[in-house]
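The shown structure was predicted, so the numbers you read here are calculated from the model rather than taken from an experiment. Both ligands and their constituent atoms are indexed starting at 1 by order of listing.
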Amino acid sequence: MEKKDDNISAMCGPAIGEAGKTGDWRDMRPVHDPSKCIPSIKKKAACFLCWLYCPEGVIKATIPIEIDLTYCKGCGVCAEECPGKAITMVNEGAKNG
Ligand code: SF4
Ligand code: SF4
């Protein structure tokens with residue numbers, strides 16, 4: 001009889017740089033405002049939905065969060081998922097932010 005191991009599972013996650021240096025061709029970039037960011041406001045680990053949903057894995061769950069723009073592709077998922085509206089997508093050509 002075949003033995004079944006219930007503990008075996010397949011897992012995968014994004015790896016930084018897997019899609020190349022996407023910052024080279026990105027049109028939009030995320031700008032983070034710590035004054036609206038839950039972990040920065042509460043001064044403790046909380047939320048981090050941006051880190052969870054970023055498909056490139058380029059957001060660090062630190063206080064404040066850090067975004068590696070070299071590998072960010074500007075998809076806007078982080079801004080979309082942020083409950084505090086702490087991330088805004090701006091045009092790459094924009095001077096501020
Ligand atoms: S825009 Fe946000 S979610 Fe998309 S790759 Fe960049 S940091 Fe990640
Ligand atoms: S999702 Fe928004 S509020 Fe939550 S940690 Fe990220 S930037 Fe901060």
Among C50, C72, C75, which residue places a heavy atom closest to atom 6 (Fe) of ligand 1? C72
For C72 and I67, the nearest pair of non-hydrogen atoms, with its separation, is CB-CG2, 4.5 Å
When distances are taken from atom 5 (S) of ligand 2, the protein heavy atom at minimum range is F48 N, 3.4 Å
For atom 4 (Fe) of ligand 2, what's the nearest protein heavy-atom neighbour? Residue, atom name and distance, please. C47 SG, 2.2 Å
Any atoms of ligand 2 less than 4.0 Å from a non-hydrogen atom of P39? List them with their elements. 5 (S), 8 (Fe)
Using side-chain heavy atoms (C-beta onward) and a distance below 4.5 Å, is F48 in contact with P39? yes
If two hydrophobic side chains count as joined below 4.5 Å and joins carry through other members, does V77 share a cluster with I65? yes
Is there an N/O/S atom in C82 at a distance below 2.8 Å from atom 2 (Fe) of ligand 2? yes
Kindly compute the distance separating OG1 (T70) from CG (D24), expressed to the nearest 0.5 Å. 8.5 Å
So, do P55 and K73 sit near enough that their side-chain heavy atoms are less than 4.5 Å apart? yes
Show your working on side chain to side chain contact (heavy atoms under 4.5 Å, CB included) between I87 and C50 and close with a plain yes or no. CA-CA 9 Å; I87 298 177; C50 51; 3.9 Å; yes
Heavy-atom pair of closest approach, residues I63 and K43: CD1-C, 4.1 Å
Below 4.0 Å from any atom of ligand 1, is there a heavy atom belonging to P55? yes
Near I67 (heavy-atom distance under 4.0 Å), the atoms of ligand 1 are 7 (S)
Just to confirm my output: which protein heavy-atom neighbour is closest to atom 8 (Fe) of ligand 2, and how far is it? C37 SG, 2.4 Å
Note: ligand 2 atoms sitting under 4.0 Å from heavy atoms of I87 are 7 (S)
Straight-line distance of I59 CD1 to H32 NE2, nearest 0.5 Å: 8.5 Å
Pull out every atom of ligand 2 sitting under 4.0 Å from any heavy atom of P83, numbered as shown with elements. 1 (S)
Quick one: look up the protein heavy atom nearest atom 3 (S) of ligand 2 and list residue, atom name and how far away it is. I38 N, 3.4 Å
Hey, which atoms in ligand 1 end up nearer than 4.0 Å to a heavy atom of G74? 1 (S), 6 (Fe)
How close do L49 and E81 get, counting heavy atoms only, and between which atoms? CD1-O, 3.9 Å
Counting only heavy atoms, which portion of I59 has something under 4.0 Å from ligand 2: side chain, backbone, both, or neither? neither
Taking backbone and side chain together, does C78 place any N/O/S atom at a distance below 2.8 Å from atom 6 (Fe) of ligand 1? no
Under 4.0 Å, counting heavy atoms only: does E81 come that close to any atom of ligand 2? no
Do R26 and E92 come close enough that some side-chain heavy atom pair is under 4.5 Å? yes
Report, in ascending order of atom number, the atoms of ligand 1 lying under 4.0 Å from any heavy atom of V58. 7 (S), 8 (Fe)
Single-linkage hydrophobic cluster M28~V90, side-chain heavy atoms < 4.5 angstrom: no
Per-atom filter on ligand 2: closer than 4.0 angstrom to a heavy atom of H32 are 7 (S)
